[in-house]
Structures are given as structure tokens and as C-alpha cells.
A.B. asks: 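Attaching a single structure in C-alpha cells format; questions to follow.
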Amino acid sequence: MHVQQELINWYHAIKRDLPWRHTTDAYTIWLSEIILQQTRVEQGLPYYQRFLEKYPTVIDFAAAPEDDILKLWQGLGYYSRGRNMLKTAKQVQEEYNGVFPTSYDQLIKLKGIGEYTAAAISSFSANEARAVLDGNVYRVLSRYLGISQPIDSTTGKKIFRQAADDFLNEKDPAAHNQAMMELGALVCKPKNPACGTCPIRMGCYAFLHNAAGSFPVKAKKIKVKERFFNYFLFEDENGRILMNKRSDNDIWANMYDLPLIETTHQLSMDELIALPEVVEIFGKKLIITKSSPIIKHVLTHQHLYVRFVVLKQKPLTMHPNWVFIEVENLKKIALPKVIFIFLDNFLN
DNA sequence: AAATCGGGGCT
DNA sequence: AGCCCAGATTT
């Protein structure tokens, strides 16, 4: 039997029961695919359920305020996904009369949909013969075929694109794509792959050479930047919290945090309150109710060292992006994880 | 081509 | 600590 058929047979026998595998509705599949970008199934699943319940159709989604989308996205990370979805939903409503496109060539033009997602939606919703190429597929193909070009180089990407296209089962692209990713997720895992249970091990280069650990190859290393965030929390006499709406050119775009002084390195409390910016905003004599320990918050490309300083007095000057928000209304706005956790502890 | 964009789980 | 996760966009 052909290896592609072995793979599909294996998939049908052991596949996980995931909700987006029960539909061919392009909107629903789009929702699942965007949520699952760089996100494990178990982490994305509850978000998928909540989004589908609140926005059953692309028309419902298109009508949502951006703040509502970001709020529902809170905690999932890579928030531009949510903002791009809103743009695409509006575009589908206007240019496609609310009917979500299913062809690769139309999908690839939409905001937030790249090669992987266009291939996924077009194959799953319309069985278009497009091979997906995600992290799972890179790993499976590199091991199976023994491809040692780096998956994060331009030439490597071309080679893997060709390999994925060649390997595609054109008679059942949808099941083939699902099977490739399922194999990567359940068997051909990054660490300690379960080669003993792999349905296609007898044709696998890495299995036959006992070299799964050598694939895939990555060329680049991640560079991590350190940043030092000093947040100031001020609660006024009416129990409202002074919040800050973030800009759209940094992490946590358009989400809410607190008045922030960022420094280039870690300061002591004495050094912090002597800073000219701090004096300008809060005056010379700071009345500090309490200050938190330094919290290390780890992002992929940044390590944040975050401190919260609770103040008694209100700022002398107000920044345009600052706004007082009632505690009750905090649950309506999107907060980064580290902010949410601190406020949750502080207020409860 | 390289940098940027989160948060969580596994080793 | 380092790597990876149903990647895409910006610089």
C-alpha cells in the first residue's frame, strides 16, 4: 500500500475528536485556524468555543468593536491575530457579501491569512488540493525525507514547499493535511518521538538512521531583549483605577495597562522615584502605599522585569492615553496577562 | 533577510 | 534555560 494511504488510514483510526473537524464551514474553520496559529490545540480550544458562541457568523464578527475582540482574545497572545480577523471579517461582509471565500487565491489576499492558513481553509472547506506546511509538517517531512536544509532559511522553505506539494495526496487533500499535522502532534513530536507507533516509519529516513533528533534543522537563534517596566497604580476617591491605553506599535497593541515608566535597566525604588519623568508626573514627594517585588514576565523575544508601585496621590499631569476606569468595568477591557494577574490580586 | 508579535507546556 | 506550538506581518 502507498505511504499516503497508510497515513490516512492511521489518521482515521486514531484522530482526536476536535470540533472544527466536524464542519466544512469556511468561517468556522478560519476561526479555528487563526486561533491555532503558534498555539497548541488544548490552549486554543476554549477560545474557539467562546468565539463561536459569541460570533456564530462572520457577520456577527464583523459588527464587533475591536475592544470586544481583544477582550475575548485576552490571555491567548499574538493579539494582532484578533485585530486582523476584524479587518478580514469586515472585508468578507463587504466584498464577498458575507460569504467566506474558500479558494486559496482569494483567501491569501485577506489580512492575517498567509500560505499555511489559506492552504488549510481551502483544503478543509472545499477540498482544494493545497498542501499545508506548518511546524508539524516541517518536522515530519524533514525526518521522513532526511531534509537537512534549515526550515527557517529561504532556500529551505522552497525545498519544503516542493516536498509538501509532492507528498500531497490529491485524492483527499483535506484528510491528508489533517493526517500530516496529527502525526506531527501525536507521534512525530519534537522531543522523544514515538517512532515505534509511527505508521510510516518503514519509509522514514530518520527512523532508519536512528536520527530523529537531528531533524528538523534550524539556522537562527532567537534574540531576547530585556525591558524594565515600572507601573504606577493610582486609585481615586471614587474607586476608579487610572489605566493606560497602549499604542499600536509595541507589544500588547491597543490593550490596557497602567501608567508606565520604562527604564533601560533595573532601578532601585529610590532611583525610580528620583527620575525626572516620575517627578514631573507625580511630584517630588511620592506617597507610596506599597510596591510589588520584581516580576519576570517572559515573552518570546523579550524578558520583562515588571514592578508595580501603588501610589496615594494622583498625577499632576495627565497623559492623553490615560483614563480612569471603574473597577467593575475592568472586566470589559483587554489586559495583558501580567497586568490582569496583578490587578486581580490587588483588588481581591 | 531579519525582527517582531504572547503565553504556556515540556524537557 | 531552551525549544516548540495548526504563522503572519513589518521593517
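If you're wondering where the values come from, they're calculated on a predicted model, not measured in any experiment.
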A.B. asks: Taking the ring centre of each residue, are Phe51(A) and Trp73(A) less than 6.0 Å apart?
C.D. replies: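 Yes, ring centres under 6.0 Å apart.
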A.B. asks: Are Ile147(A) and Pro216(A) side-chain neighbours, meaning at least one heavy-atom pair lies under 4.5 Å?
C.D. replies: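 No, their side chains stay 4.5 Å or more apart.
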A.B. asks: Could you check whether Arg83(A) gets within reach of a base, just the sugar-phosphate, or nothing at all, counting any heavy atom under 4.0 Å?
C.D. replies: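 Nothing, no nucleic acid heavy atom in range.
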A.B. asks: Whole-Å distance between dC5(C) P and Leu76(A) CG?
C.D. replies: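 About 16 Å, once rounded to whole Å.
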A.B. asks: With ring centroids as reference points, do Trp322(A) and Phe232(A) lie under 6.0 angstrom apart?
C.D. replies: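 Not close enough - the centres of the two rings lie 6.0 Å or further apart.
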A.B. asks: If you measure only the distance, is there a donor-acceptor pair under 3.5 Å linking the side chains of Arg81(A) and Thr39(A)?
C.D. replies: yes
A.B. asks: Taking atom P in both dG8(B) and dT9(C), compute the distance separating them and give it to the nearest angstrom.
C.D. replies: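 Comparing P positions in dG8(B) and dT9(C) gives a spacing of 24 Å.
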A.B. asks: Considering every strand and a 4.0 Å limit on heavy-atom distances, what is the contact class for Val41(A): base, sugar-phosphate, or nothing?
C.D. replies: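 Since only primed, P, OP1 and OP2 atoms lie under 4.0 Å of Val41(A), the category is sugar-phosphate.
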A.B. asks: Using a 4.0 Å heavy-atom cut-off across all strands, classify Thr300(A) as base, sugar-phosphate, or nothing.
C.D. replies: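 Counting heavy atoms under 4.0 Å across all strands, the contact made by Thr300(A) includes a base.
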A.B. asks: Quote, to the nearest angstrom, the C1' distance that separates dG6(B) from dC4(C).
C.D. replies: 13 Å
A.B. asks: Rounded to whole angstrom units, what separation is found between the CZ atom of Arg161(A) and the C1' atom of dG7(C)?
C.D. replies: 13 Å
A.B. asks: Just the rounded figure in Å: distance from C1' of dC5(B) to CH2 of Trp252(A).
C.D. replies: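 Taking CH2 of Trp252(A) and C1' of dC5(B), I get 12 Å after rounding.
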A.B. asks: Ignoring backbone atoms, establish whether Lys223(A) has a side-chain N or O less than 4.0 Å from OP1 or OP2 of dT4(B).
C.D. replies: no
A.B. asks: So Leu18(A), base contact, sugar-phosphate only, or nothing? Heavy-atom distance under 4.0 Å.
C.D. replies: base
A.B. asks: Kindly give the atom pairs (protein nitrogen or oxygen, nucleotide nitrogen or oxygen) under 3.5 Å for nucleotides 9-11 of chain B.
C.D. replies:
from   : atom 1 : to       : atom 2 : distance (Å)
dG9(B) : O4'    : Arg40(A) : NH2    : 2.8

A.B. asks: Respond yes when some side-chain nitrogen or oxygen of Lys225(A) is under 4.0 Å from OP1 or OP2 of dT4(B), and no when none is.
C.D. replies: yes
A.B. asks: At less than 4.0 Å, is any side-chain N or O atom of Gln302(A) found next to OP1 or OP2 of dC5(B)? Yes or no.
C.D. replies: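 It does, given that an N or O in the side chain of Gln302(A) lies less than 4.0 Å from OP1 or OP2 of dC5(B).
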A.B. asks: From the set dG7(B), dC5(B), dG6(B), return the single nucleotide nearest to any side-chain atom of Arg81(A).
C.D. replies: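 Nearest nucleotide to the side chain: dG6(B).
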A.B. asks: Would Tyr116(A) and Gln37(A) count as having a side-chain donor-acceptor pair, cut-off 3.5 Å?
C.D. replies: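 Result is no, nothing qualifies.
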A.B. asks: Going by modelled atom types, is there a donor-acceptor pair between the base of dG8(B) and the side chain of Thr39(A) at under 3.5 Å?
C.D. replies: no
A.B. asks: Any side-chain to backbone donor/acceptor pair from Glu182(A) onto Arg16(A)? Under 3.5 Å, distance only.
C.D. replies: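 Yes, because the side chain of Glu182(A) sits within donor-acceptor range (under 3.5 Å) of the backbone of Arg16(A).
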A.B. asks: Starting at atom CD1 of Ile34(A), determine the distance to atom P of dG7(C), rounded to an integer number of angstrom.
C.D. replies: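 Taking atom P of dG7(C) as the reference, CD1 of Ile34(A) is at 11 Å.
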A.B. asks: So what does Lys218(A) hit on the nucleic acid, given a heavy-atom distance under 4.0 Å: a base, only sugar-phosphate, or nothing?
C.D. replies: sugar-phosphate
A.B. asks: Round to a whole Å and report the spacing from CZ of Arg16(A) to P of dC5(C).
C.D. replies: 13 Å
A.B. asks: Look at the side-chain N and O atoms of Trp73(A) and state whether any lies under 4.0 Å from the OP1 or OP2 oxygen of dC5(B).
C.D. replies: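 For Trp73(A), the contact criterion (side-chain N or O under 4.0 Å from OP1 or OP2 of dC5(B)) is not met.
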A.B. asks: Between P on dG7(C) and CG on Leu133(A), what's the gap in Å once rounded to a whole number?
C.D. replies: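 Atom CG in Leu133(A) sits about 10 Å away from atom P in dG7(C).
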A.B. asks: Can you check nucleotides 8-11 of chain C for protein contacts, nitrogen or oxygen pairs under 3.5 Å, and list what you find?
C.D. replies:
from   : atom 1 : to        : atom 2 : distance (Å)
dA8(C) : OP1    : Gly114(A) : N      : 2.8
dA8(C) : OP1    : Gly114(A) : O      : 3.4
dA8(C) : OP1    : Thr117(A) : N      : 3.0
dA8(C) : OP1    : Thr117(A) : OG1    : 2.7
dA8(C) : OP2    : Tyr116(A) : N      : 3.4
dT9(C) : OP1    : Gly112(A) : N      : 2.4

A.B. asks: Have Asn249(A) and Ser247(A) got a donor and an acceptor in their side chains that come within less than 3.5 Å?
C.D. replies: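 Present: a donor and an acceptor within the cut-off.
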A.B. asks: Mind checking the P distance from dA6(C) to dT11(B)? Whole angstroms is fine.
C.D. replies: 14 Å
A.B. asks: Please identify which of these residues, Phe167(A), Phe160(A), Phe215(A), Tyr138(A), meets the ring pair (Phe, Tyr, Trp, His ring centres under 6.0 Å) condition with Tyr144(A).
C.D. replies: Phe167(A)
A.B. asks: Given dG7(B), is OP1 or OP2 found less than 4.0 Å from the side-chain N or O atoms of His297(A)?
C.D. replies: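 Yes, because at least one side-chain N or O of His297(A) sits under 4.0 Å from OP1 or OP2 of dG7(B).
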A.B. asks: Is the shortest distance from a Lys or Arg side-chain nitrogen in Arg246(A) or Asp257(A) to a carboxylate oxygen in the other one below 4.0 Å?
C.D. replies: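 Yes, charged N to carboxylate O under 4.0 Å.
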A.B. asks: Quick check on contacts: within residues 174-186 of chain A, what sits under 4.0 Å from DNA chain C by heavy-atom distance?
C.D. replies: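 Correct list: Gln178(A), Met181(A).
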A.B. asks: Among dT4(B), dC4(C), dG7(B), which is the nearest nucleotide to the side chain of Pro190(A)?
C.D. replies: dC4(C)
A.B. asks: How about Lys158(A): does its NZ atom have over 12 heavy atoms from other parts shown lying under 6.0 Å from it?
C.D. replies: no
A.B. asks: Without decimals, in angstroms, what is the distance between Ile222(A) CD1 and dG7(C) P?
C.D. replies: 14 Å
A.B. asks: Can you spot which of Gln5(A), Gln4(A), Glu6(A) makes a side-chain hydrogen bond (donor to acceptor under 3.5 Å, both in side chains) with His2(A)?
C.D. replies: Gln4(A)
A.B. asks: Hey, is Lys337(A) close enough to Asp344(A) for a salt bridge, meaning N to O under 4.0 Å?
C.D. replies: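 Salt bridge between Lys337(A) and Asp344(A), a charged N being under 4.0 Å from a carboxylate O: no.
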A.B. asks: Provide, to the nearest angstrom, the distance between the CD1 atom belonging to Ile35(A) and the P atom belonging to dG6(B).
C.D. replies: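 Those two atoms, CD1 and P, are 16 Å apart.
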A.B. asks: Quick check: on DNA chain B, is the nucleotide nearest Asp152(A) upstream (toward 5') of the one nearest Val298(A), or the reverse? Name the residue that is more 5'.
C.D. replies: Asp152(A)
A.B. asks: With respect to the phosphate group of dC5(C), does any side-chain polar atom (N or O) of Gln38(A) fall under 4.0 Å of OP1 or OP2?
C.D. replies: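 False: Gln38(A) side-chain N/O out of range (4.0 Å or more) of dC5(C) OP1/OP2.
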A.B. asks: Check the angle between the aromatic planes of Phe346(A) and Phe342(A) and answer parallel, tilted or perpendicular using the 30° and 60° thresholds.
C.D. replies: parallel
A.B. asks: With side-chain hydrogen bond (donor to acceptor under 3.5 Å, both in side chains) as the criterion, how do Gln74(A) and Lys71(A) come out once you've worked through the C-alpha distance, each side chain's angles and the decisive distance to 0.1 Å?
C.D. replies: CA-CA 5 Å; Gln74(A) 177 176 298; Lys71(A) 183 62 188 177; 2.9 Å; yes
